[in-house]
Amino acid sequence: MRYSQMLLPTTRETPSEAEVVSHQLLLRGGFIRKLSAGVYTYLPLGLAVIQKVAQIVREEMNRAGAQELLMPMVQPADLWRESGRWQKYGAELLRFTDRHDRGFCLGPTHEEVITDLARRELQSYRQLPKNLYQIQTKFRDEIRPRFGLMRGREFVMKDAYSFDVSDEAAGLSYQKMFDAYHRIFKRCGLEFRAVEADTGTIGGSFSHEFMVLARTGEDTLVVCEQCSYAANVEKAAIAPPETGAAPPASVREMARVSTPGVKKVEQVAGFLGVRPADIIKTMIYLVDGDLVAALVRGDREVQAVKLKNLLGATEVELADDKTVYEKTKLPVGYLGPVNLPLKVVADQEVMAMVNCVAGANEKQYHLTGVQPGRDFVPFLAGDLRQVTAGDPCPSCGGPVQLTEGIEVGHIFKLGTAYSEAMSATFQDSDGSEKHFVMGCYGIGVSRIAAAAIEQNHDRHGIIFPLPVAPFQVILLNLGLKNEATTRAAEQLYHDLQDRGVEVLYDDRDERPGSKFQDADLIGIPYRITVGRTYEKEGRVEVRRRRDGNTETIEYDQAAATVAGMINRELAAMAG
RNA sequence: CGGGGCGUAGCGCAGCCUGGUUAGCGCGCCUGCCUUGGGAGCAGGAGGUCGGAGGUUCGAAUCCUCUCGCCCCGACCA
């Protein structure tokens, strides 16, 4: 491609709307332009990156035995009513009606459509297993789109769905995807971890997220320092505390103490001369419309997703003080589990506490000597709190670390949730009718582009991993006015293309400085310069974007040498 | 949806508080000269319903009301 003919609008200044580096560089480098909040046009260079990622995904999915198809973006409401998600999915599902007043939605995911297809086309166990995937634009009416391609409302996603005869067979399909995902992200040049994850609204029993490690990540991961355990904090389990440690003699009676104006855990601890760990923190959540009290130790935090899962709820959010007061007339700030007229759920750790301090449900008063089990009995006790750095790993007991990640892939074991809801069955070898055992597997293709940049950039711009770079080589002609130099550059441009190298030929009438800056900004892995060195010595310069290493090469050798470097590097990354 | 902020030329911003010429500046863009190894220089030029609507006023980018859009912080997710 000739740069002079390409729509590649780079800018020197960073648009004020961009906060994170990937967003800034994608805008500055002329990869994307915003049309509306969370909705972007992919300019030629941006599209090239998307297509590179998509092709890697496609190759590895095919290698794993999956087949590509393409489903409609517009989906009938009836299908979603069948699965029950028309109600469940919420405002993120963009709904609309056609001229006949029939309900439709823009597909945020395709379990319904694929399950409908499967029940029509798959009748026999002989047709299984099947794994079907597509690479398509999805739409989710995100509450808050942000960070450019990291969280758009419209985005390119690969979604795959597997159908199996049994749970065991589905496990195999899952494992195949697990392995394929490792290959995909490795080939994309990403540093990532697979972590145990919450299943969210998609539902199902078991799932892994694939996380690109980056400071700007929106998810927090728990990673063990000693073993391979890794999980999303939303999910990361905490081993139950050892019980029976408290000697009975030390158990005191409950007492009411005046604590005027003292509300926060820190204040209470200071005022009463106890540790935060001796206090029971009572947090009020709105769980599917009802108020629920969640108890954790004073020095811990409630993990809302864990609470949600423990209660089997669909929606959980922290209730604000106003709501709590209006609904219960209880004194916010002085709440405690003793005689609390709300459903109480306790973290397992709370049940092991002795002689605790808790709110008295009375303004300006707390209780001391509170004994869980004696003075109150929770509706449920379980793992509720968020893991903190240094907590013991649930797998090996070693200390865990917290780190940030960008979710680029998510695989789920769905079981028969959808096939049952939508009556999708096949006939098994013994003649019996069975529901498909399903799995679903997503990859955020456009998000990978953003994640790759978050992980690979410097102050000059992007440093694309070779396999996802929009071009492999940028060829700079710095001697446009010199006929011989230009002839040589043009010839090299063709020679590289003949060898299958993807090359952007900068033939613009620009000063060298601008060309260097643009080349760095858009992150092409290899840069070849034809200019002064060619005129003096008949040599060209080859520079690697990542480390700035530069060598000069005899002009005649240049195309072959660079093509060889690229092929070797690609082969190494493909594993 | 709750909280915070911003809409002035393609991009980055000033002007607004304290209303009053023809609304400025830098970058970019166009023309010419000059220059050519890390975003040069000189000269000339184009480009604005000041997000939109209504109001106050002799007069509104500026004050008031409404509205739309966008960004940031929380709950959702590839």
Side-chain angles (χ1 to χ4, degrees), chain A residues 9-20 23 27-28 33-39 57 89-93 108-109 135-160 181 197-202 209-212 218-219 232 234 285-286 304-305 308 314-320 322-323 406-412 440-451 460-461 476-482 485 509-521 527 529-536 541 543 548 550:
Chain A
T10 58
T11 63
R12 199 186 311 206
E13 276 163 313
T14 304
S16 55
E17 69 184 47
E19 185 78 3
V20 300
H23 190 193
L27 286 169
R28 283 191 56 210
R33 287 294 183 261
K34 184 176 67 186
L35 181 62
S36 175
V39 179
V57 170
Y89 212 92
E92 219 167 286
L93 188 63
T109 175
I135 297 172
Q136 191 211 31
T137 298
K138 294 277 190 277
F139 191 93
R140 292 181 190 175
D141 200 354
E142 290 282 342
I143 298 165
R144 183 150 92 84
R146 58 183 145 177
F147 300 155
L149 293 191
M150 288 236 304
R151 176 176 300 277
R153 292 193 293 173
E154 201 176 284
F155 57 96
V156 179
M157 178 173 165
K158 186 280 308 180
D159 48 325
Y181 273 40
D198 182 63
T199 49
T201 40
I202 304 244
E209 284 168 335
F210 288 78
M211 295 285 190
V212 167
E218 297 183 85
D219 290 273
N232 196 307
E234 293 176 348
Y285 280 82
L286 205 52
V305 174
K308 182 172 96 174
T314 50
E315 223 174 298
V316 167
E317 62 174 324
L318 196 58
D320 57 274
K322 219 190 309 165
T323 310
I406 301 165
E407 182 186 359
V408 290
H410 202 158
I411 60 180
F412 301 82
C440 83
Y441 317 95
I443 288 183
V445 172
S446 41
R447 184 180 280 182
I448 284 178
H460 298 291
L476 305 188
N477 178 358
L478 297 190
L480 267 172
K481 299 278 155 54
N482 182 318
T485 308
D509 183 15
E510 289 286 341
R511 302 169 60 82
S514 303
K515 295 193 176 196
F516 290 136
Q517 297 289 346
D518 279 333
D520 284 351
L521 176 61
R527 186 182 83 192
T529 307
V530 183
R532 212 175 253 168
T533 315
Y534 176 76
E535 285 154 26
K536 287 183 187 152
E541 287 166 29
R543 183 176 196 266
T550 308

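Labels below follow one simple rule: chain letters A, B, ... track the order of the sequence lines, proteins then strands, and each chain is numbered from 1.
Counting distance only, with no hydrogens placed and no angle test, the side-chain atoms of Arg140(A) and the base atoms of C77(B) include no donor-acceptor pair under 3.5 Å. Taking 3.5 Å as the limit, the base of C77(B) and the side chain of Arg144(A) contain no donor-acceptor pair of atoms between them. Side chain Glu541(A) to base G37(B): a donor-acceptor pair is found below 3.5 Å.
Glu541(A) and Thr550(A) share no side-chain donor-acceptor pair at under 3.5 Å.
Ser36(A) comes within contact range of the sugar-phosphate backbone alone, with a heavy-atom separation under 4.0 Å but no base atom that close. As judged by a 4.0 angstrom heavy-atom cut-off over every strand, Gly409(A) is placed among residues touching the sugar-phosphate backbone only. Among the atoms of the strands shown, only primed sugar atoms or phosphate atoms (P, OP1, OP2) are found under 4.0 Å from some heavy atom of Phe147(A).
The separation between Met150(A) atom CE and C76(B) atom C1' is 15 Å, rounded to whole Å. For the pair Arg28(A) CZ and G28(B) C1', the computed distance is 13 Å after rounding to whole Å. Here C13(B) presents its P atom at 16 Å from CZ of Arg12(A), a figure rounded to the nearest Å.
Phosphate contact (OP1/OP2 of A40(B), side-chain N/O of Arg511(A), threshold under 4.0 Å): present.
The residue among Arg543(A) and Glu142(A) whose nearest nucleotide of RNA chain B lies closer to the 5′ end is Arg543(A).
Residues passing the salt bridge (charged side-chain N to carboxylate O under 4.0 Å, His left out) test with Lys158(A), sequence neighbours excluded: none.
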Restricting to nitrogen or oxygen on both sides, can you table the protein-nucleotides 29-34 of chain B pairs closer than 3.5 Å?
none

Under 3.5 Å, which protein N or O atoms sit close to an N or O of nucleotides 7-11 of chain B? Give each pair with its distance.
{"residue": "C11(B)", "atom": "O2", "partner": "Glu13(A)", "partner atom": "OE1", "Å": "3.4"}

